[in-house]
Engineer: 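This is the structure I want to talk about, given as structure tokens.
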Amino acid sequence: MFPQDFSWGVSSSAYQIEGGWNADGKGPSIWDVYTHTPGTMPADANGDVACDSYNRLDEDLYMLRALRVKSYRFSLSWSRIFPDGTRSSLNQKGVDYYNRLINGLLANKITPMVTIYHWDLPQALQDRGGWENVDMIDIFNDYCDFCFAAFGDRVKLWMTINQPHSIAWLGYGLGTIPPSIKNPGISPYIVAHNLIKAHAKAYHTYDDKYRTSQGGLVSIALNADWIEPKDANVPRDVESADRALQFQLGWFAHPIFKNGDYPDAMKWQISAKSELQDLSESRLPSFTEEEKNYIKGTADMFCINHYTTKVVTFATGKLSPYSYDDDRDVLETEEPDSPTTAYAGQRAVAWGLRRLLNWIKEEYGNPQIYVTENGVPSPFPITIEDTDRIFYYKSYIDEALKAQNLDGVNVKGYMATSLMDSFEWMNGYNFLFGLHHVDFNNPNRPRTPKRSAHYYCQVVKDNGFLTVGHLQLHKLVGLRAPCGSSSISTDCLAKIRSASSVESVSNL
Ligand code: NOJ
């Protein structure tokens with residue numbers, strides 16, 4: 001079992017669930033603009049309505065309460081609060097929505113864990129150069145300052161930015177997500193530099209203006225695969241695996257959790273490559289001593305999003321064109337012995353989570369760790385048995401438990417991704433991570449618990465695994481009525497609410 005105060009939760013993000021893309025004065029984000037551009041998305045999918053959570057707050061609260069989770073990780077839509085990205089455009093109706101959500105959570109004894117920015121940059125700020133523009137540091141700080149002031153009396157767990165690695169590399173390197181900039185050897189490093197400084201500035205704002213009165217915790221949600229050396233007896237493979245982790249997680253975690261600066265492996269690699277490329281200076285920007293001191297220590301807990309494990313061996317990267325990918329000098333492959341998932345390349349490798357948690361413990365001095373995302377997609381259409389997802393959660397949570405109980409890793413919480421099926425970025429609605437099914441063809445967007453919701457609810461109730469996990473799994477999969485019968489629509493909600501206590505609702 002986990003410690004009594006263990007924070008069981010589920011996660012979501014604004015653009016993936018809210019819909020209401022232009023409701024009540026909301027401004028467009030880069031995702032609105034991108035998905036509205038013909039030909040960009042499979043089946044022209046977009047987040048215009050998504051799960052319609054902007055209009056279905058009660059349904060969301062109902063699901064959360066029924067799951068018995070202790071916390072809910074969600075994000076704020078920047079352009080719903082500041083339609084043009086800046087304070088002068090303040091949209092009170094957007095603020096009201098988040099107040100209703102936060103108050104609803106607290107009324108149900110669910111702790112809000114708020115991501116301030118989860119990829120949906122206001123388009124107006126992209127028009128000013130987005131994260132390549134150094135002005136973003138102050139602009140982001142002002143937005144965070146506003147959020148702390150508006151919600152910080154009730155929100156005590158903050159994450160400034162979700163997966164800065166994805167923003168820098170996918171958004172500005174590969175260009176596979178908006179703003180779709182393909183400059184793989186230069187822009188990601190500039191963007192990451194600005195993101196790290198923006199995070200640090202927001203952290204200091206919290207320290208200077210809010211910590212004494214509000215007493216919350218501020219961090220950043222980083223993401224990492226576990227990287228296993230191809231042959232643990234080959235030192236070069238082991239070094240390569242460690243270097244790959246430094247390039248992915250250490251890029252952000254090393255400055256923030258260690259010494260204010262990038263990992264040595266990154267500094268060395270990129271400077272050596274830049275020299276071979278006849279550049280007068282490294283493509284990796286550097287921090288001044290003052291900046292290092294300012295950045296170091298700007299997180300109160302370690303928030304990690306984790307999905308899969310990769311296997312790595314040494315391979316000399318190309319010099320042209322310049323690329324972060326080639327700067328690493330690694331060859332990455334799938335972990336061949338583990339089950340495949342709907343996502344190509346994302347095997348379900350539960351033991352990788354335990355190793356990653358241990359690596360974080362050793363590398364960053366035993367911080368408090370929240371697993372802020374973990375989950376598996378199923379392709380559309382879903383099967384109601386949902387055994388793959390149950391297996392994934394069971395095996396991954398078990399490894400988190402081993403890390404906590406046997407290895408002494410300070411794991412404080414676990415957020416299953418995600419509360420419900422939602423807009424899965426570039427995959428539209430084709431890959432679905434939800435514990436609840438959402439019928440996207442129905443204007444009421446009814447939510448239906450999958451078997452995995454039953455299972456996760458039991459894990460939360462038992463604070464881990466009370467008996468031999470397999471027995472529970474049998475009980476859940478074998479004995480309960482199909483959850484398809486308990487679809488949640490707006491109509492039946494009122495009935496459920498008046499007829500059921502939290503206790504009975506939990507028997508999903
Ligand atoms: C990470 C992102 O933070 C989240 O929004 C997304 O749903 C998951 N990856 C799954 O791809």
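Counting convention: from 1, in listed order, for ligands and their atoms alike.
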Engineer: Looking only at distances, please establish whether an N/O atom of ligand 1 is found under 3.5 Å from an N/O atom of Thr417.
Structural biologist: no
Engineer: Do any nitrogen or oxygen atoms of His118 come within less than 3.5 Å of a nitrogen or oxygen of ligand 1?
Structural biologist: yes
Engineer: Applying a heavy-atom cut-off of 4.0 Å, say which part of Asn223 lies close to ligand 1: side chain, backbone, both or neither.
Structural biologist: neither
Engineer: Could you tell me which atoms of ligand 1, counted from 1 in the order shown, lie closer than 4.0 angstrom to a heavy atom of Gln163?
Structural biologist: 1 (C), 2 (C), 3 (O)
Engineer: Is it true that the NZ or CZ of Arg73 lies under 6.0 Å from the centre of Tyr370's six-membered ring and within 45 degrees of the ring axis?
Structural biologist: no
Engineer: Would you check if the side chain of His436 reaches a backbone N or O of Leu419 as a donor-acceptor pair within less than 3.5 Å?
Structural biologist: yes
Engineer: Answer yes if the side chains of Asp127 and Gln123 hold a donor-acceptor pair under 3.5 Å, and no otherwise.
Structural biologist: yes
Engineer: Which pair of non-hydrogen atoms, one from Ile196 and one from Trp251, has the smallest distance, and what is that distance?
Structural biologist: CD1-O, 3.7 Å
Engineer: Given Trp425, Tyr343, Tyr307, Phe433, identify the one with the heavy atom nearest to atom 8 (C) of ligand 1.
Structural biologist: Tyr307
Engineer: Compare all side-chain heavy atoms of Ile220 with those of Tyr203 and state whether any distance is below 4.5 angstrom.
Structural biologist: no
Engineer: Output the list of atoms in ligand 1 that are nearer than 4.0 Å to some heavy atom of Glu424, sorted by atom number.
Structural biologist: 6 (C), 7 (O), 10 (C), 11 (O)
Engineer: Taking only heavy atoms of Glu373, which atoms of ligand 1 are found under 4.0 Å from at least one of them?
Structural biologist: 1 (C), 2 (C), 3 (O), 4 (C), 8 (C), 9 (N)
Engineer: Is it true that Arg354 and Asp398 make a salt bridge, defined as a side-chain N closer than 4.0 Å to a carboxylate O?
Structural biologist: no
Engineer: Quick one: look up the protein heavy atom nearest atom 5 (O) of ligand 1 and list residue, atom name and how far away it is.
Structural biologist: Gln16 OE1, 2.7 Å
